[in-house]
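As C-alpha cells, the structure follows; a few thoughts come after it.
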Amino acid sequence: MMNTARRIIQLRTEKNYSTNKLAQLAGIGQATLRDIEIGKKNPNVTTLEKICQALEISLAEFFTEAKPAPIIREDHEKYNLPEEVKKEIALIEEFVLYKHGIRKREETK
C-alpha cells in the first residue's frame with residue numbers, strides 16, 4: 001500500500017525541489033506541505049492535484065508505483081535470445097532513451 005507522504009517526498013526529491021519550491025509551484029502553504037510530508041495531515045484531492053501539477057505528473061502516475069525493472073545484460077547472451085528478439089530489444093531501448101532525452105537520435109546518412 002502506498003504512503004502518500006513518502007510518495008510526495010520521493011517525487012519532490014527526484015525533481016530536486018525543496019519543500020518551499022514545491023509549495024510555491026503547487027500554490028499551497030509550506031506548512032501544509034510540511035504537515036502532509038510528515039504525516040500529520042492527509043491531502044484532499046484538490047491539494048493532491050495541485051501537487052501533481054507542480055510535479056508535472058497526473059494523479060494516475062502519482063498512484064502508480066514503479067516496479068524495479070529487471071536488468072537485461074547489454075549482450076543479451078544470458079538469455080540466449082534469437083537474433084530478431086535482440087534487435088527488437090535494441091530498438092525499444094533506443095526509443096526509450098530518446099524519449100527521455102538520455103540519448104540523441106543519430107542522423108542517418
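On a predicted model such as this, the values are computed, not experimentally measured, just so you know.
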Review point. Does atom NZ of Lys15 have more than 12 heavy-atom neighbours from other groups under 6.0 Å away?
Key: yes
Review point. Under 4.5 Å between side-chain heavy atoms, hopping through other hydrophobics if needed: is there a path connecting Phe95 to Ile89?
Key: no
Review point. Between Phe62 and Ile28, is there a shared hydrophobic cluster once you connect ILVMFWY residues whose side-chain heavy atoms come closer than 4.5 Å?
Key: yes
Check your understanding: Under 4.5 Å between any side-chain heavy atoms of Asn42 and Ile36, yes or no?
Key -> no
Review point. Which atom pair, heavy atoms only, marks the closest approach of Ala54 to Tyr17?
Key: O-CE1, 3.7 Å
**Study point:** Interatomic distance, Glu61 atom CD to Arg7 atom CZ [nearest 0.5 angstrom]
**Key:** 8.5 Å
Exercise for review: Could you please spell out the steps behind the side-chain hydrogen bond (donor to acceptor under 3.5 Å, both in side chains) verdict for Thr47 and Asn44?
Suggested key: CA-CA 5 Å; Thr47 301; Asn44 61 34; 2.9 Å; yes
Exercise for review: Flag yes if Leu55 and Leu25 sit in one hydrophobic cluster, no otherwise; membership is Ile, Leu, Val, Met, Phe, Trp, Tyr, and two members link when side-chain heavy atoms are under 4.5 Å apart.
Suggested key: yes
Practice item. Working to the nearest 0.5 Å, report the span between OG1 of Thr19 and CD1 of Ile38. Key: 10.5 Å
Check your understanding: What's the spacing between Phe63 CZ and Cys52 SG if we round to 0.5 Å?
Key -> 7.0 Å
**Study point:** Shortest non-hydrogen contact between Gln30 and Ala23, atoms and distance
**Key:** CA-CB, 3.7 Å
Practice item. Evaluate side-chain hydrogen bond (donor to acceptor under 3.5 Å, both in side chains) for Glu14 paired with Gln10, printing each intermediate quantity in order. Key: CA-CA 6 Å; Glu14 287 174 5; Gln10 173 199 3; 3.1 Å; yes
Review point. Between Leu22 and Leu11, does a side chain to side chain contact (heavy atoms under 4.5 Å, CB included) hold up when you go through it step by step?
Key: CA-CA 10 Å; Leu22 179 56; Leu11 294 166; over 6 Å; no
Practice item. Enter the distance from Thr4:OG1 to Lys41:NZ here, rounded to the nearest 0.5 Å. Key: 15.0 Å
Review point. Is there a path from Ile9 to Leu59 through hydrophobic residues (I, L, V, M, F, W, Y) whose side chains come within less than 4.5 Å of each other?
Key: no
Practice item. Determine, for Glu37 against Arg12, whether the closest basic-nitrogen to carboxylate-oxygen distance falls under 4.0 angstrom. Key: yes
Review point. Just wondering, do Thr13 and Asn16 contact through their side chains at under 4.5 Å, heavy atoms?
Key: no
